[in-house]
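The structure under discussion appears below in the form of C-alpha cells.
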Amino acid sequence: MEERKEEGRSLNFIEEIIDNDLKAGKYTSILTRFPPEPNGYLHMGHASSICLNFGVAQKFGGKTNLRFDDTNPETEDTEYVESIKEDIRWLGFTWANEFYASDYFDKLYEFAVQLIKQGDAYVDDLTADEIAEQKGTPTEAGKNSSFRDRTVEENLDLFARMKNGEFEEGKKTLRAKIDMASPNMLLRDPLLYRIKFVHHHRTGDIWCIYPMYDFAHGQSDSIEHITHSICTLEFVPHRALYDWCIEKLGIYPSHQYEFARLNVNYTVMSKRKLLQLVNEKHVTGWDDPRMPTISGMRRRGFTASAIREFCDRAGIARREKINDISLLEFCVREELNKISLRRMVVFDPLKVVITNFKEDIFVDIENNPEDENAGMRSVPFSKEIYIEREDFLETPQKKAFRLAYGQSVRLKGAYIITCNEVVKDIEGNVIEVHCTYHPDSKSGQDTSGIKVHGTLHWVSILHAKQVEIREYDRLFKVENPNNEEGDFKEYINDDSLHVIPNAYAEPALADDKAGEHFQFLRKGYFFMDKDSGGDQLIFNKTVGLKEGFVKKDGGLVTEKVK
RNA sequence: UGACCUAUGGUGUAACUGGCAACACGUCUGAUUUUGGUUCAGAAGAGUUCAGGUUCGACCCCUGAUAGGUCAACCA
C-alpha cells in the first residue's frame, strides 16, 4: 500500500488484482496476451488494450504474447497480420512470443474429443435457424435439441466425419451440453465447432471445421499459461463459458478480466464501421490521417509516446466512457512542443514590400526555443516577403497583435516594420502592403526602443518553396455518432479535409529529413505526408496550437471577448 | 419482463479499503514571452443517481428503487 504513493499514480483495478495475486503468491510471474483478430487495422481502442496488456506485464516484471485470434478464415488475411505487427512495434512494445490460435487447431480438436467422451458435447444436425429458434429468449428458456442425447460413440464418429469433410457446411455443428434454460444465453448449449470449407491464411485447406471464439480463446490462453487474460466488457457473459471449458477440460486455469473499451468523441471506434468508411470511400484508406487507426494517427504525425501517454491518462476502468479528444491533443502538443523544429510557412500570402530595404540577407533563428541543442538556422530575408493575409487588418484594433496601416509589428527573427501604404485593386481588395523597416530593430540587437505587440511569421518571396498543406477536422459532426438516430454515416463531417495546394515555406523545409516533426510558427504542428515525392512536399496538420483568442463567424478576428 | 455489468465537477480517473472528495484535461483570471504557443501564479466548478439502513462517522458496507449498458451471430 505504501507503493501507491511512491508511484505517484494509483493502480488501476487490473493492476490491483495482479498486485494482490503476486503478493498472495498465486503466481511468481505474470503472462498477458494481446489477441487481435487479423481482419482489420488496429485503432485507438486497440492501443489502449496494447498499453494495458504490455504495460501491466512490464510493470510487474512479466511478459506478453501476441496471439492472432484467427479462427474465422472468412474475414482474415495476412495483410492484416503484418499491419498489426507493425503497429505494435511502432507503439513501442515487444512481444515475448508470436502465436496463432490456428497453431492450436490439433490440440483444440483433441479437447473437443475429450468433451465428447465426457458427455459434455454433442454433434447437432439442426440448422442455424432451428438452433436460433430453440435458443429461447432472455426471459424464456430454450428447448433441448433432439440430437442432444446421441451416444458418445455416435458423437465421436460424427465429429470425426465432420473433420474429414463428409458433411456440407451448415449441416452439422459441435455443441457443448450445458443448460438450455440458463439465464445466461451463452450457456444454452453454445456452438463449439462449425463446418467451413474455406481456405485459411495459415493452415490452408487442411481443416474444414473451425472452432468458435469461445472454444478457442480460453483454451489458447490456457495452453500458453496466460495468467491474466484481459478483454473488454462485452465478454463479461462469456466468462462463465470460458471457465466452464477450462474446468471440464481440467487444464491450466487462466482467468479472464474485463475493462471498458476506450472511446473518443467525434469518431467511431469499431472495425466494422471503420471498414465501411474505407470501403465507401469516405476516407482514402485505413491510414487516412483522419482515421482513429494507429496507422492513420502515425501518418498524421501523432507520436507513439503521445498515444501511450493518452492511454495512460485516459485510464482503465469498468464503466463505459467517452474520452474527450482534447486530452489526446493535449498529449500530442505536450510532446511536440518539446521536440518539433520551428519553421515558417505562409498559407494565404499577402505581399509586403519593405521599401527602404535594399539587400538580401540571412537572419539566424532558433530551431526550437524549448531545446537549446536544436541550434539555429539561417533564413533568407529580402525586400519582398509574404505574410499571412489574416495578419493584416484594414481596421486596426486597440491591442495590435497584427499589422495595420500606420502600425508596427516585428517580423520573427528580423526587423520591426511599420505599414505606411496599402495598395488595393479596383474592387478594393488589398493586394499588397508597403512598409518601412527600422534598421536599429534587428532581432537580438534591437536598440530602437520601439515596443510592438505582435510578431509575425513571414517568408522571403524570392526564396520561398511551394508546399501543399492538408488540414483535418473531426470526422464526425456529433460527439457520439453511435448514439444518434439512423446510420452513423449520416453524421460524417463533409468538410473534414482542407487542402492548401500552394503554401509558401522557408527554404530550410525542403532540406529537412522525412519523419521530422515540425511546428509551423503560429500555425500548428505538421508532419510530412507519404504522398510527398520529388519536388512536391506535402504536410499534414497534426494538431493546431492552442488558441488563446476567439475567431468569430466569417473568420473575422476579434479581440478576446468575455 | 430474465441474468449480468455500471453510476463521483463539462470530460476522464482517484480517494491509503469506513475518517467531512484529490489529480489531469477543459474553462476563466493575471504575469512573462520576438509564436495570441510555451512557462508561471491563481480561480470557478461535484458533496459522490435517489430513498432508507448499519455506524460515533459512509463515495466506500446492507436493502430497495432509478437510469444507462450487455446477452437470443455456424463473428470475435
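- The side chain of A:L521 lies closest to B:U35, out of B:A24, B:U35, B:U34.
- Aromatic ring centres of A:F347 and A:F526 lie closer together than 6.0 Å.
- Cation-pi geometry between A:K271 and A:Y41 is not satisfied (NZ or CZ under 6.0 Å from the ring centre, within 45° of the ring normal).
- When each of A:D129 and A:E366 is assigned the nucleotide of RNA chain B with its nearest heavy atom, A:E366 is the one assigned upstream, toward the 5' end.
- Of the listed nucleotides (B:G26, B:A76, B:U38), B:U38 has the atom at the smallest distance from the side chain of A:N337.
- Toward the 5' end of RNA chain B, the nearer of the two residues A:R194 and A:D324, judged by each one's closest nucleotide, is A:D324.
- A salt bridge links A:K23 with A:D19; the closest basic N to acidic carboxylate O contact falls under 4.0 Å.
- A:T173 comes within contact range of at least one nucleobase, with a heavy-atom separation under 4.0 Å.
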*Going 5' to 3' along nucleotides 1-8 of chain B, which nucleotides have protein heavy atoms under 4.0 Å from the base (write B), which only from the sugar-phosphate (write S), and which from neither (write -)?*
-BSSSSSB
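- Base engagement by A:Y213 is indicated by at least one non-hydrogen atom pair under 4.0 Å involving a base atom.
- Within 4.0 Å (heavy atoms only), A:R342 reaches at least one base atom of the nucleic acid.
- Set against B:A72, B:C71, B:U17, the side chain of A:K135 has B:A72 as its closest nucleotide.
- In the set B:C25, B:U34, B:A14, the nucleotide with an atom closest to the side chain of A:S10 is B:A14.
- Residue A:P35 is out of contact with every strand shown, counting any heavy-atom pair closer than 4.0 Å.
- Helical stems in RNA chain B, defined as runs of 3 or more consecutive Watson-Crick or G-U wobble pairs with donor-acceptor distances under 3.5 Å: B:2-7 with B:66-71, B:10-13 with B:22-25, B:27-31 with B:39-43, B:49-53 with B:61-65.
- When the P atom is used for both B:G9 and B:G18, the distance is 23 Å, rounded to whole Å.
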Using nucleotides 42-47 of chain B, report all nitrogen or oxygen pairs with the protein that are shorter than 3.5 Å.
none

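- The aromatic rings of A:Y415 and A:F381 are tilted relative to each other, their planes meeting at an angle between 30° and 60°.
- The listed nucleotides are B:G12, B:A24, B:U35; the one nearest the side chain of A:K321 is B:G12.
- Side-chain proximity of A:E37 to the nucleotides B:U35, B:U38, B:A76 is greatest for B:A76.
- Contact annotation for A:E140: no contact, since no heavy-atom pair falls under 4.0 Å across all strands.
- For A:K172 and A:F167, the positive end sits near the middle of the six-membered ring, less than 6.0 Å away and at most 45° from its axis.
- Comparing B:C75, B:U34, B:G26 against the side chain of A:F330 picks out B:G26 as the nearest.
- Among the atoms of the strands shown, base atoms are found under 4.0 Å from some heavy atom of A:H238.
- Residue contacts shown for A:G454 are absent, as no nucleic acid heavy atom lies under 4.0 Å away.
- Taking the side chain as every heavy atom from C-beta outward, A:N323 and A:L262 approach each other to under 4.5 Å.
- At least one test fails for A:R175 against the ring of A:Y122: distance under 6.0 Å to the centre or angle within 45° of the axis.
- Taking side-chain N and O atoms only, A:T71 has a distance below 4.0 Å to OP1 or OP2 of B:A76.
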*Under the salt bridge (charged side-chain N to carboxylate O under 4.0 Å, His left out) criterion, do A:E366 and A:R342 qualify, and how do the steps go?*
CA-CA 8 Å; A:E366 70 274 13; A:R342 314 294 135 127; over 6 Å; no
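- Under 3.5 Å, the side chain of A:E370 and the base of B:G37 form at least one donor-acceptor pair of N or O atoms.
- Counting only heavy atoms from C-beta on, A:R522 has its side chain closest to B:G36 among B:G36, B:C75, B:A14.
- In this structure, A:L174 reaches neither bases nor backbone, as no heavy-atom distance under 4.0 Å exists between it and the strands shown.
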